[in-house]
Amino acid sequence: STLFPYTTLFRSQIYIFVTGLGAVANQPSDGAAASGTTSTTTTIPTVTIGGISATVVFSRLCSSATLGCSPTVGYYQVAVTVPSGVTPGGSVPVLLSIGGANSNTVTMNIAATPPVVLTPSPNPSTFGQVVTLTAAVTPSGATGKVTFYNGVTVLGVGTLSSGQAVLTTELLPSGSLSLRAYYGGNGTYAASTSATVTQTVTALSQNGFQAAVSYNAGNGPYSAAVGD
């Protein structure tokens, strides 16, 4: 089999395009492309990344329905999960084996996933109080943007500088909030999300409604406005 170097990093998976994986289910006619995603290989290949065995998600003929397949006739697509123990780098070896035969070895870039730590201050806070959200990304040389969330609601976006992105807001609602920070990554570092941090925002006490006040409206008012 021949392993092609244009592997594609997709989150924690890579797609490998290869020839020579043999028989498949739902074999298309000679010279025709596979239809859909059902032409899976009879034998599942094994893949190592950085010398570590990777989990094969699927192995099938390319078709117009599969991401990245061009051309589609005669090529296979193998999706594998990058093992957590792989050392990140720009030349990580990838090797595929099937039926006792090995492919050529290609290298690819595996981006490091930097840890993200979110710190809100002050915490707890009161409704309307200014709260500063600081996301620290390690190493400090990481560049890019950090998006701050309350649950699934975007609070704002900060730009990394010396390993930190800062967002200041006084618009946090009262209650127990689930805050997190998402680093979008760059050419060197992969995207990463902080752990969820609980922020307690205490509502301000209220004095209720003011006493009723009578206004002179004359003999024939046309409208009345009420305000809170």
Write down the atom of [X], the atom of [Y], and the distance for their closest heavy-atom approach.
X: A135; Y: L160; value: O-CD2, 4.4 Å
X: V146; Y: A181; value: CG1-CB, 3.8 Å
X: V24; Y: T42; value: N-OG1, 3.9 Å
X: T87; Y: V92; value: O-CG2, 3.6 Å
X: Y76; Y: G22; value: OH-O, 2.5 Å
X: I52; Y: V86; value: CD1-N, 3.7 Å

Rounded to the nearest 0.5 Å, how far does [atom2] of [Y] lie from [atom1] of [X]?
X: F58; Y: T41; atom1: CZ; atom2: OG1; result: 10.5 Å
X: T37; Y: Q77; atom1: OG1; atom2: CD; result: 10.0 Å
X: M108; Y: I49; atom1: CE; atom2: CD1; result: 7.0 Å
X: I98; Y: S59; atom1: CD1; atom2: OG; result: 6.0 Å
X: Y183; Y: S194; atom1: OH; atom2: OG; result: 14.0 Å
X: T119; Y: Q164; atom1: OG1; atom2: CD; result: 8.5 Å

Please check if the side chain of [X] supplies one atom and the backbone of [Y] the other of a donor-acceptor pair under 3.5 Å.
X: N150; Y: L179; value: no
X: T202; Y: T126; value: no
X: T138; Y: P115; value: no
X: N123; Y: T198; value: yes

Verify same cluster id: [X], [Y] (apolar side-chain graph, 4.5 Å):
X: F148; Y: V157; result: no
X: Y149; Y: V117; result: no
X: Y182; Y: V116; result: no
X: F127; Y: L167; result: yes

Inset, instruction - Just jot down the side-chain contact (heavy atoms from CB on, under 4.5 Å) partners of A112, sequence neighbours excluded, or say none. - result: P88, Y189

Inset, instruction - Could you tell me which residues satisfy side-chain contact (heavy atoms from CB on, under 4.5 Å) with S178, sequence neighbours excluded, listed by chain and number? - result: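 S178: side-chain contact (heavy atoms from CB on, under 4.5 Å) contacts with T196.
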
Can [X] and [Y] be counted as having a side-chain donor-acceptor contact under 3.5 angstrom?
X: S91; Y: T107; value: no
X: N186; Y: T143; value: yes
X: Q199; Y: S125; value: yes

Inset, instruction - Report the C-alpha distance between T169 and V130 in whole Å, list the side-chain angles of each, state the deciding distance to 0.1 Å, and finish with yes or no for side-chain contact (heavy atoms from CB on, under 4.5 Å). - result: CA-CA 6 Å; T169 180; V130 174; over 6 Å; no

Do [X] and [Y] touch side chain to side chain, with heavy atoms closer than 4.5 Å?
X: T193; Y: R180; value: yes
X: L21; Y: L96; value: yes
X: L95; Y: N102; value: yes
X: V56; Y: T46; value: no
X: V80; Y: V57; value: no
X: L155; Y: L172; value: yes
X: L133; Y: V166; value: no
X: E170; Y: Q129; value: no

Legend entry - Reference residue T168; test side chain to side chain contact (heavy atoms under 4.5 Å, CB included); the match among V131, T132, T134: T132

